[in-house]
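For reference, the structure discussed in these notes is given below.
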Amino acid sequence: MTGSSRRPLRPLALGLALVVLGTTAPATAATASPSGSGPPSVTPADIRFRDDTLRTGGAREVGLLPEQVDRLPVDLAGYLQPTPDHPGHPAYAGAVVLAAKDGVIVQHAAVGTAVRYAAVGPPPGLVGVELPADQQLPTRPDTIFDLASVSKLFTTIVTMQQVERGRVELDAPVARYVPEFAAGGKAAVTVRMLLTHTSGLPAFTPLWSRYPTPAERFAAALATPLAAGSTPGSRYVYSDLGLIALGVLVERVTGRPLAELVRDGVTGPLGMTDTGYNPAPEQRSRIAATEYQPYAGRGMVWGEVHDENAWSLGGVAGHAGVFSTAPDLAVLCQSLLNGGEYRGRRILRADTVRAMLVNHNAPLESDYPESDRGLGFELNKHWYMMGLSSPVGFGHTGFTGTSIVIDPLSHSFVVLLSNRVHPDRGWGSNNVARRAIARDLAEAIPVRPRSDSAWRADPRDLATGTLTAPLRRAARGGTASFLLWYDTEPRYDSARLEVSTDGGQTWAPGRMLLRHADRRWTADGTVTGYGGRVWWQVSVALPDQATHLRWSSSTDGSGQGRGVYVDRVVAADRDGVLFGGEGGDASRFVADGWSPART
């Protein structure tokens, strides 16, 4: 319930790191090169870790567009009331955003109310019963939020610390460390499968209401059988139960409670003083309230973990229970961008961080398109990462309305903490706000056109926009060339080039040769996904009697990359110029859902 410089030798180095960690690297798409073809890709081996220490600064210091950075608090506040994309109720009562690039915190803002409601009325209305004004608490930049499933990252990190120390092997059966886990057909389930949610375990079971004591609940979680028809490693099901088992595993191999492992292995070394399980009563005035839970005998949950199972397990579990602030989580994000180190304190080796960002579920992608995962981390999730996504973009969400998104290619991250379940989860998710915030930071990273005549497809959901170039006359063969920059949601959004030979009545895809530096590849008219974040020089052989060129961009209902750009369009045949996009033909473009691109 809680989750909702390419160098030829570097991939070898990653492979060696993975062997050290007791695994092998799954197959990944080849990086485009002169000796091969295929769309561009990027792997954890391509990440360049830095050694940044967080400080506050301006957007221009790190090459960001200030007007886009300034949108972050505006868009954050916009969801304090119902909106067309989130009707009926606000997305949250309060929220905090923190965004940084190259170690510079460029935005940190709080909006709304951390504690607003005393109760909620019955369905279907679910009307919030507000506290008196003098009992409500505003959200602060350092408000403490229940992280929900973002807690899983802390369990993952302490697990990987034990892998580094040789106490745990990723491909060893979980039952080696927790013998009773073998029950229910789970003898072959490995540690890696728990981290990648491929164990075959069901997503959830209500331990809190089915069993009377924490001991019985833990035992039931460990004894839960595989879902009917499941074979370990063959399917992707996001499972709280797997992370509960992982929390027990690290306690068994170390002989220490999970809360201590997180404190001594993560929050202590990083100086995350506001982060941990079961916050002290004196912190309550800084904590955001969550949900009214009379069905659990709890009333309005405030200062205790929201997740019913974690609450019933004593507040500490592998899947939920951690509370934190945006500044503390910023330190965690920066430590990962630094390769596992911050201010000289290392929590993970750099090769471990790289191994955690390999898409270990790549073989399952065709059957489970949303399965992309490293070890613990979600990868390349446009539905909340938007234009910060890439094959190595990573992060996690939490059911209470929390999320982190980390883009190691731009050395940037954004933390969004909200109490979207306050006063009731039935008010809806805050995914629209997650997308808006990630989009704002992504849009702040400029795509710089090469001329004054560049175009960009308008960033709209459920849309197909076209940019048409009518040639001066019918072509006698010849070639068209242009610059293309694209970054779209793989499979669901795309850019396409088409050619017409009958005045624009019918269209056929144009086979493109794309080049950048020493790389080249071909595409049969359509590209999708990660475009390398570079301008590709594209050439297209024109058929006889070609009359028009057309670029289109198509998007689905949610989740986008940074978009599609076209620049420097030129077409010519043996008789001369057919179209000059930077000259007299610039005004002849016909744009429907495209706009001039400016930085």
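Just so you know, these numbers come straight off a predicted model, no measurement behind them.
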Heavy-atom donor-acceptor pair, Arg345 side chain to Leu270 backbone, under 3.5 Å | no

Sub-4.5 Å side-chain heavy-atom contact between Leu153 and Ile404 | yes

Going by atom types only, do Asp146 and Thr400 share a side-chain donor-acceptor pair under 3.5 Å?
-> no

Any chance you could measure Leu332, atom CG, to Leu337, atom CG, to the nearest 0.5 Å?
-> 10.0 Å

What is the minimum heavy-atom distance between Ser324 and Thr275, and which atoms define it?
-> OG-OG1, 2.7 Å

Would you say the side-chain atoms of Ser151 pair up with the backbone N or O of Val322, donor to acceptor, closer than 3.5 Å?
-> yes

Close side-chain approach of Lys381 and Ser389, heavy atoms under 4.5 Å = no

Phe394: what forms a ring pair (Phe, Tyr, Trp, His ring centres under 6.0 Å) with it, not counting sequence neighbours?
-> Phe377

Does the Asn419 side chain pair with the main chain of Gly94, one donor and one acceptor, at a distance under 3.5 Å?
-> yes

Could you walk me through whether Val262 and Tyr277 pass the side-chain contact (heavy atoms from CB on, under 4.5 Å) check?
-> CA-CA 9 Å; Val262 169; Tyr277 303 87; 3.6 Å; yes

Donor-acceptor pair, Asp487 side chain versus Tyr530 backbone, under 3.5 Å?
-> no

Using modelled atom types only, decide if a donor and an acceptor are shared between the side chain of Lys186 and the backbone of Thr224 within a distance under 3.5 Å.
-> yes

Can you find a heavy atom in the side chain of Asn361 that is under 4.5 Å from one in the side chain of Asp372?
-> no

Report yes if the side chains of Leu207 and Ile244 come closer than 4.5 Å at any heavy-atom pair, otherwise no.
-> yes

Any side-chain heavy-atom pair of His360 and Thr198 under 4.5 Å = no

Using a distance-only test with no angle check, is there a side-chain donor-acceptor pair under 3.5 angstrom linking His319 and Asp307?
-> yes

Which pairs count as ring-ring contact (aromatic ring centres under 6.0 Å, His included) when at least one residue sits in residues 146-201, sequence neighbours excluded?
-> His197-Tyr238

Step-by-step side-chain contact (heavy atoms from CB on, under 4.5 Å) determination, His382 to Asn380 = CA-CA 6 Å; His382 286 72; Asn380 207 20; 3.4 Å; yes

Using a 4.5 Å cut-off on heavy atoms from C-beta on, say whether the side chain of Leu98 contacts that of Phe413.
-> yes

Judged by atom type as modelled, is there a donor-acceptor pair below 3.5 Å linking the side chain of Asp493 to the main-chain atoms of Thr488?
-> no

State which residues pass salt bridge (charged side-chain N to carboxylate O under 4.0 Å, His left out) with Asp424; sequence neighbours excluded, sorted by chain then number.
-> none

Carboxylate-amine/guanidinium contact Glu308 Arg425, below 4.0 Å = yes

Can you name the nearest heavy-atom pair linking Gln293 to Arg298, along with the distance?
-> OE1-NH1, 2.9 Å

Reported CD-to-CD1 distance for the pair Glu304 and Ile287, which is rounded to 0.5 angstrom = 10.0 Å

Report the distance from atom CG of Asp46 to atom OG of Ser390, rounding to the nearest 0.5 Å.
-> 10.0 Å

Start with the C-alpha gap between His422 and His306, add the side-chain angles, then the distance that decides, and say whether side-chain contact (heavy atoms from CB on, under 4.5 Å) holds.
-> CA-CA 10 Å; His422 184 56; His306 167 267; over 6 Å; no

Any Leu195 side-chain heavy atom under 4.5 Å of Arg192 side chain | no

Spacing of Thr402 atom OG1 and Phe323 atom CZ [to the nearest 0.5 Å] | 11.0 Å

In Å and rounded to the nearest 0.5 Å, what is the NZ to CG distance from Lys101 to Asp52?
-> 9.5 Å

How about Arg434 and Thr397: does a side-chain donor come under 3.5 Å of a side-chain acceptor?
-> no

Quick one: does Leu348's side chain get under 4.5 Å of Glu164's, heavy atoms only?
-> yes

Could you tell me whether a side-chain N or O of Asn309 sits under 3.5 Å from a main-chain N or O of Trp208, the two making a donor and an acceptor?
-> yes

Value rounded to 0.5 Å, distance of CD in Gln162 from CZ in Arg167 = 5.0 Å

Lys152 and Asp240: salt bridge (charged side-chain N to carboxylate O under 4.0 Å, His left out), yes or no, with the steps?
-> CA-CA 9 Å; Lys152 292 178 170 73; Asp240 282 358; 2.8 Å; yes

Heavy-atom pair with the smallest gap, counting every atom of Val237 and Pro202 = CG1-C, 4.4 Å

Closest heavy-atom pair and its distance - Met385, Ala438 | O-CB, 3.4 Å

Please check if the side chain of His89 supplies one atom and the backbone of Gly428 the other of a donor-acceptor pair under 3.5 Å.
-> no

Specify the closest pair of heavy atoms between Ala95 and Thr139, including all atoms of both residues, with the distance to one decimal.
-> O-CG2, 3.7 Å

Of Tyr92, Tyr117, Tyr292, the one forming a ring pair (Phe, Tyr, Trp, His ring centres under 6.0 Å) with Trp427 is Tyr117

Keeping the roles fixed (side chain from Gln161, backbone from Ile347), state whether a donor-acceptor pair exists under 3.5 Å.
-> yes

May I have the step-by-step check of side-chain contact (heavy atoms from CB on, under 4.5 Å) for Ile406 and Leu336, ending in yes or no?
-> CA-CA 9 Å; Ile406 305 173; Leu336 296 167; 4.0 Å; yes

Heavy-atom donor-acceptor pair, Glu341 side chain to Asn338 backbone, under 3.5 Å | no

Shortest non-hydrogen contact between Arg48 and His411, atoms and distance = O-CE1, 2.6 Å

